[in-house]
Amino acid sequence: MNDLADRFFAAVCGGDVRTLTDLYSPEARIWHNDDGQEQTVAENLRVLRWLSRTLEDMRYEDIRRHDLPDGFAQQHVLRATLPGHGPLEVPASLFVRVVDGRITRIDEYVDSAATGALRALAARPKER
């Protein structure tokens with residue numbers, strides 16, 4: 001389970017959509033506490049790709065990981081630099097369900113106060 005988790009978070013940081021696609025079950029769902037919505041794999045990959053392209057020096061630190069009977073739980077702080085904003089620190093916890101070596105569900109709890117600058121940037125209209 002640790003290997004899968006390590007590969008997953010390295011792929012997120014590296015924007016490695018191919019590895020993420022391989023790690024996700026096609027039917028996986030990703031839920032976030034800050035909006036109460038579930039994402040499909042395709043929707044989540046768009047967000048993760050945007051994060052890896054937008055944030056500089058993105059990394060997961062202060063990691064505490066625990067094996068669960070059907071996956072793992074991880075607490076961490078996502079640290080990066082958000083251009084035009086400065087340092088970003090987002091404490092989070094994830095509960096990850098794994099079946100047959102693939103992620104079938106993630107329930108992610110983030111400190112929504114820490115994501116304000118990210119949400120504001122994502123909401124800005126794109127320049128043409």
Side-chain angles (χ1 to χ4, degrees):
M1 209 51 72
N2 273 330
D3 178 58
L4 183 145
D6 287 344
R7 289 175 52 219
F8 177 79
F9 289 104
V12 171
C13 288
D16 184 350
V17 172
R18 176 177 284 164
T19 296
L20 290 168
T21 301
D22 289 344
L23 292 174
Y24 275 131
S25 168
E27 302 82 27
R29 293 294 177 262
I30 300 87
W31 175 87
H32 302 95
N33 73 301
D34 58 343
D35 64 7
Q37 301 293 313
E38 284 188 350
Q39 292 180 323
T40 65
V41 171
E43 291 166 335
N44 186 251
L45 291 175
R46 277 194 297 276
V47 170
L48 295 178
R49 189 178 314 119
W50 179 82
L51 280 175
S52 71
R53 291 178 179 168
T54 301
L55 297 177
E56 296 173 355
D57 192 28
M58 184 168 76
R59 63 208 181 277
Y60 293 92
E61 295 181 334
D62 304 330
I63 296 169
R64 293 185 303 262
R65 189 178 297 154
H66 309 279
D67 287 338
L68 300 174
D70 62 349
F72 65 94
Q74 178 168 308
Q75 294 173 278
H76 58 250
V77 179
L78 170 67
R79 290 192 172 97
T81 300
L82 180 57
H85 173 73
L88 180 72
E89 290 192 0
V90 182
S93 296
L94 283 78
F95 295 88
V96 181
R97 191 176 315 146
V98 177
V99 175
D100 296 329
R102 297 182 88 183
I103 296 169
T104 61
R105 182 170 183 86
I106 298 176
D107 291 290
E108 181 179 37
Y109 297 84
V110 300
D111 177 352
S112 58
T115 62
L118 270 176
R119 285 179 290 156
L121 181 60
R124 278 197 286 182
K126 299 206 181 343
E127 295 179 8
R128 300 203 187 263

Dump the intermediate steps for side-chain contact (heavy atoms from CB on, under 4.5 Å) on Ile63 and Phe9, then the final yes or no. CA-CA 11 Å; Ile63 296 169; Phe9 289 104; over 6 Å; no

Distance from [X] atom [atom1] to [Y] atom [atom2], nearest 0.5 Å?
X      : Y      : atom1 : atom2 : result
Ile103 : Asn44  : CD1   : CG    : 9.5 Å
Ser112 : Asp35  : OG    : CG    : 10.5 Å
Thr40  : Glu27  : OG1   : CD    : 11.5 Å
Leu20  : Arg7   : CG    : CZ    : 10.0 Å
Gln74  : Glu108 : CD    : CD    : 10.5 Å
Arg29  : Glu38  : CZ    : CD    : 7.0 Å

Should Val110 and Asn33 be marked as a side-chain contact (heavy atoms from CB on, under 4.5 Å) after you check the CA-CA gap, both sets of side-chain angles, and the distance that decides it? CA-CA 7 Å; Val110 300; Asn33 73 301; 3.8 Å; yes

What I'd like to find out is whether the side chain of Tyr24 reaches to under 4.5 Å of the side chain of Ile30, using heavy atoms alone. yes

Between Leu82 and Leu55, is any pair of side-chain heavy atoms under 4.5 Å apart? yes

Under 3.5 Å, is there a donor-acceptor pair between the side chain of Arg102 and the main chain of Asp22? yes

Please step through side-chain contact (heavy atoms from CB on, under 4.5 Å) for the pair Arg79 and Asp62, ending with a clear verdict. CA-CA 10 Å; Arg79 290 192 172 97; Asp62 304 330; 3.0 Å; yes

Inspect the contact between Arg65 and Asp6 and indicate whether a charged nitrogen and a carboxylate oxygen are less than 4.0 angstrom apart. yes

Flag the pair Arg59 and Asp57 as a salt bridge only when some basic side-chain nitrogen lies within less than 4.0 angstrom of an acidic carboxylate oxygen. yes

With clusters defined by side-chain heavy atoms of hydrophobic residues (ILVMFWY) lying less than 4.5 Å apart, directly or transitively, does [Y] cluster with [X]?
X     : Y      : value
Leu78 : Tyr109 : no
Val90 : Val77  : no
Val98 : Trp31  : no
Leu88 : Trp50  : yes
Leu4  : Leu48  : yes

Ser52 and Arg49 have their tightest heavy-atom pair at OG-O, 3.0 Å

Applying side-chain contact (heavy atoms from CB on, under 4.5 Å), run through His76 and Leu94 and close with a yes or a no. CA-CA 9 Å; His76 58 250; Leu94 283 78; 3.2 Å; yes

